[in-house]
2 protein chains.
Amino acid sequence: MKKAAGTRLNILQKAFELIYEKGYQTTSIDDILATTQVTKGAFYYHFRNKDEMGIAIINELLKPTLASSFIAPLQNDKNPIEAIYKLIHYLLIEDEFLQVQHGCPVANFTQEMASWNKDFNDALNDITQQWIKTMAAAIVKGKEKGQIRDDINAKQVAMFVTSGYWGIRNFAKLENNKKVYLSYLKELKRYLNTLK
Amino acid sequence: MKKAAGTRLNILQKAFELIYEKGYQTTSIDDILATTQVTKGAFYYHFRNKDEMGIAIINELLKPTLASSFIAPLQNDKNPIEAIYKLIHYLLIEDEFLQVQHGCPVANFTQEMASWNKDFNDALNDITQQWIKTMAAAIVKGKEKGQIRDDINAKQVAMFVTSGYWGIRNFAKLENNKKVYLSYLKELKRYLNTLK
DNA sequence: CTAAAAACATACTAGTTAGTATGTTTTTGT
DNA sequence: ACAAAAACATACTAACTAGTATGTTTTTAG
């Protein structure tokens, strides 16, 4: 039971890349089979149907990535304002997987699937809430340390930041140019400084 | 050439509603024919193909709506900060066409089509830039009137606000509840007040 | 080593898709 | 009133879709 896990992971990873580029609905199972060199029999051995694979991508690929790349940086840093800015900066400018023309995978999935498939909705809400909660917790810590004003609503700010991040990722698709990120980051920095 | 224009408009409107609810790719032409009671012959008389219809929806339905509901309120008001807040509040809370579970039509289209179809991209970028420019112009006016600080970058703020709006519309899909809008609006108001 | 289960392979199906071919009806200008 | 063009109707096609039926091969446990 080792090689089998490899095929499964291979399917998930390649499928995720395709879906990130083309969207879930427009990525056919045959597309996935062609790029993975896996046969239909193997695919349906590992997944009951396409949606089950989609949920597996969220839970087995996106969730761990979230934990390492989105959650951890917020928990370790001393200063939440700097941590949030550095994180968004990293995600927009430095991260090598995320592409400007394809937006945010979680936001994409949400737009396409939420409200049409409860399982997708739940899985996506799960990881999104995790991010928000972590960010809010960091802000609360900052308030306790006196780095952030007392009258700031932590969760409210976390939602506001997340919304902006999702929005700018979608927005940048139109111009297909990272330059809009720089403009956004400037205003984000200004906004974050008003929390002090 | 009067009834014909009616059929065309009927197709565009019903198709737009379907696309807003289900997405562009997953709304089939047969779906549109079924809800409009129009035949395939009529459809393909009016539109060369599905994409041409999609572009027509953007240019002939979304663009005018943008002008009346998104642009005008920003041009008439005396105070840009109030105008922006009132506009976003209206769009999120009061507007009767926009549904929490379906997000923002322009953002949806952008996510689904931009980077895959240049015509869609251009049409969407066109109306988005129009909104941004109008908002930025209102902010510039506010700067001249002394309602907004001198060091504020108008276009930067307009992009920031637009991103947040798109983001929260997508975000609210997950919870399928207008309550998240209230939290967002509170922070938006706080943010807007820092421009003073 | 061997039987059973796990993992994969191939061929097929029924439904859906955008789009076309070829008509008929309706509207329009004169 | 009438021909021409505009507007619409019907039947079809070829490609693609998710999923299944039925195999064969590989792995694993005893």
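Just so it is clear, the values below take in all heavy atoms, side chains as well, and ignore hydrogens, waters and symmetry mates. In the text below, chain A, chain B and the rest are named by the order of the sequence lines, each starting its count at 1. Predicted model, so just to flag it, every value in this text is computed and none were measured.
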Discussion item. Run the side-chain hydrogen bond (donor to acceptor under 3.5 Å, both in side chains) test on B:Glu175 and A:Gln129 for me, step by step, so that the C-alpha distance in whole Å, both residues' side-chain angles and the decisive distance to 0.1 Å come before the verdict.
Written reply: CA-CA 10 Å; B:Glu175 309 226 348; A:Gln129 290 303 329; 2.6 Å; yes
Item to complete: Would you sort out whether B:Tyr184 and B:Phe171 count as a ring pair (Phe, Tyr, Trp, His ring centres under 6.0 Å), showing the intermediate values?
Response: CA-CA 10 Å; B:Tyr184 170 79; B:Phe171 191 85; 9.6 Å; no
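Checked against D:dT10, C:dC8, D:dT17, the side chain of B:Lys40 finds its nearest nucleotide in D:dT10. Of the candidate nucleotides D:dA9, C:dA9, D:dA18, C:dA9 has the atom nearest to the side chain of A:Thr39. For A:Asp30, the side-chain atoms get nearest to D:dT17 when compared with the rest of D:dT17, C:dC8, C:dA18. Considering only side-chain atoms of B:Tyr44, the nucleotide from D:dA9, C:dG19, D:dT20 that sits closest is C:dG19. In this structure, the nucleotide among C:dA18, C:dA9, D:dA9 sitting nearest to the side chain of B:Lys50 is C:dA18. When the nucleotides C:dA9, C:dG19, D:dG19 are ranked by their closest atom to the side chain of B:Asn49, C:dG19 comes out on top.
Contacts of A:Ser28 with the nucleic acid, taken as non-hydrogen atoms under 4.0 Å apart, involve only primed sugar atoms and P, OP1 or OP2.
Along DNA chain D, the nucleotide closest to B:Gly41 and the one closest to A:Asp31 are compared, and the more 5′ of them pairs with B:Gly41.
In this structure, the CD1 atom of A:Ile32 is 11 Å from the P atom of D:dT17, given to the nearest Å. At whole-Å resolution of the value, NZ in B:Lys22 and P in C:dT17 are 8 Å apart. B:Ile29 places its CD1 atom 19 Å from the P atom of D:dT13, with the value rounded to the nearest Å. One interatomic measurement links the two molecules: CZ of A:Arg8 to P of C:dA6, which rounds to 15 Å at whole-angstrom precision.
The side chain of B:His46 places an N or O atom within less than 4.0 Å of a non-bridging phosphate oxygen (OP1 or OP2) of D:dC8.
When only modelled atom types and interatomic distance are considered, B:Asn117 and B:Asp51 share a side-chain donor-acceptor pair under 3.5 Å.
A distance below 6.0 Å separates the ring centres of A:Tyr165 and A:Trp131.
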